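As the structure is a prediction and not an experimental result, all values here were calculated from the model. Residue numbers run from 1 in the order of the sequence given.
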Amino acid sequence: MFIARDEKGSLVNALEDKLVKQNYTCPACGGLVRLRKGKNLRTHFAHVSLNQCDFYYENESLEHLENKVALFNWALKNDKAELEYPIPDLKQIADVLVNKQLAIEVQCSPLSSKLLQERSYGYRSLGIQVLWLLGEKLCLKEHLTKLQKDFLYFSNNMGFHLWELDHKKQVLRLKYLLHQDLKGKLHYQLKEFSYGKGNLLEILRSPYQQQTLSTFSVEQDRDICHYIQKQLYYQNPYWMKQQAQAYLRGENLLNLKTQDWYPQVRPIEHGHF
């Protein structure tokens with residue numbers, strides 16, 4: 001965190017103010033926070049104990065801090081932006097709040113689906129839109145995890161998509177037109193935006209703006225029938241469910257040919273893998 005109260009009760013900003021050694025407190029919970037600074041460490045505050053704080057769930061990593069600052073400075077170039085904006089009614093602190101309308105949340109560590117839904121619903125209940133931008137640990141690999149599914153957004157122009165942050169390369173990534181093949185492997189398109197270049201708010205709105213629809217091609221797997229046979233032999237839960245549904249239709253997946261599985265790459269399905 002970058003905002004704290006000094007011993008006089010005044011708000012101070014670790015990014016802007018010249019700070020001296022004294023007792024600082026969290027502006028949300030009033031608990032003691034420690035001033036941290038060093039040669040290779042951006043000056044910030046960290047709770048001595050999080051036991052009494054309902055606003056912060058953990059002390060933030062260097063990755064979280066650096067991304068938060070980068071997004072704040074980027075948004076500030078074209079819009080009104082506030083860093084670590086407290087929302088007492090929700091017991092939440094928005095990493096960056098843009099124009100009082102959009103909360104930008106940097107998520108670098110896993111959290112429960114329940115907590116994610118509660119925090120997202122809380123913002124929307126106050127008329128604030130929220131965008132979750134994922135750090136390195138949560139970035140997409142070859143397969144989509146259950147938690148990553150909860151971070152997906154959808155637009156008619158770009159289909160399923162999500163946002164990622166790479167503070168090492170200073171790049172914001174948009175992965176869109178997310179599809180899975182029958183083996184659960186992800187396929188998507190990619191756009192990258194260098195930190196600080198362009199209008200951040202316009203970039204974040206881009207999936208919903210009118211544009212030429214994108215397409216991409218994926219080669220069909222000629223051995224897909226053999227793959228599905230193996231999954232059924234080893235009683236893969238997903239494929240056993242598909243077989244049960246096929247039986248209800250009077251079909252048997254083992255009798256299908258390669259062409260029967262076309263297209264093999266499809267939009268994200270609920271409960272798929």
Side-chain angles (χ1 to χ4, degrees), residues 105 107-108 110-111 113 116-117 120 129-166 169 171-193 202-232 234-246 248-249 251-273:
E105 288 285 355
Q107 192 63 37
C108 295
L111 77 169
S113 295
L116 173 60
Q117 292 171 4
S120 297
Q129 296 300 311
V130 59
L131 273 179
W132 296 86
L133 281 55
L134 307 184
E136 184 178 0
K137 289 182 180 178
L138 299 181
C139 287
L140 292 182
K141 303 297 190 295
E142 283 198 352
H143 298 276
L144 190 66
T145 68
K146 184 179 183 301
L147 178 58
Q148 287 168 335
K149 278 190 177 183
D150 292 334
F151 286 109
L152 292 181
Y153 296 94
F154 182 85
S155 74
N156 290 331
N157 296 319
M158 290 191 169
F160 289 104
H161 59 275
L162 57 65
W163 296 93
E164 296 178 351
L165 296 166
D166 188 333
K169 295 184 178 180
V171 165
L172 169 65
R173 294 193 182 98
L174 171 61
K175 292 181 177 177
Y176 64 102
L177 283 186
L178 281 160
H179 284 60
Q180 282 177 307
D181 61 27
L182 295 177
K183 294 182 177 179
K185 183 179 179 181
L186 280 174
H187 302 268
Y188 52 81
Q189 296 287 81
L190 172 68
K191 287 187 178 182
E192 294 187 338
F193 308 90
E202 290 302 309
I203 290 170
L204 295 175
R205 286 173 174 164
S206 62
Y208 303 96
Q209 294 172 344
Q210 188 173 2
Q211 57 200 280
T212 303
L213 295 180
S214 300
T215 62
F216 65 96
S217 300
V218 178
E219 185 176 350
Q220 299 291 319
D221 184 350
R222 296 179 181 274
D223 295 323
I224 191 62
C225 292
H226 179 64
Y227 168 79
I228 294 171
Q229 289 171 6
K230 286 180 62 177
Q231 301 309 303
L232 292 173
Y234 289 110
Q235 298 187 346
N236 177 291
Y238 171 79
W239 285 106
M240 293 299 289
K241 181 179 178 181
Q242 299 304 305
Q243 180 70 303
Q245 292 175 351
L248 293 176
R249 300 191 301 267
E251 300 175 356
N252 185 338
L253 299 186
L254 296 175
N255 294 332
L256 298 181
K257 307 299 182 183
T258 302
Q259 61 268 25
D260 295 322
W261 292 105
Y262 182 86
Q264 292 181 20
V265 179
R266 306 172 187 186
I268 306 300
E269 299 176 20
H270 179 71
H272 190 72
F273 297 97

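Here the CD atom belonging to Gln220 is positioned 9.5 Å from the CG atom belonging to Asp181, to the nearest 0.5 angstrom. With rounding to the nearest 0.5 angstrom, the CD atom of Gln148 is 11.5 Å from the NE2 atom of His143. Going from atom CG of Leu172 over to atom NZ of Lys191 covers 12.0 Å, rounded to the nearest 0.5 Å. The CE atom of Met158 sits 4.0 Å away from the CD atom of Gln211 when rounded to the nearest 0.5 Å.
For the pair Val265 and His179, the tightest heavy-atom approach, listed with the atom from each and the gap, is CG1-CB, 3.4 Å. A pairwise comparison of heavy atoms in Lys141 and Glu136 identifies NZ-O, 3.9 Å as the closest pair. Scanning both residues, Lys146 and Ser113, for their nearest heavy atoms gives NZ-OG, 3.7 Å. Across every non-hydrogen atom of Asp221 and Gln264, the tightest pair is N-OE1, 2.9 Å. Listed here is the closest heavy atom pair of Gly159 and Leu177: N-CD2, 4.4 Å. Here the shortest heavy-atom pairing between Ser206 and Leu174 reads OG-CD2, 4.2 Å.
Ring planes of Phe216 and His187: parallel class, angle under 30° (limits at 30 and 60°).
Here the options are Tyr188, Phe151, Phe154, Tyr176, the test is ring-ring contact (aromatic ring centres under 6.0 Å, His included), and the partner is Phe160; only Phe154 passes.
Taking the side chain as every heavy atom from C-beta outward, Leu190 and Arg173 approach each other to under 4.5 Å.
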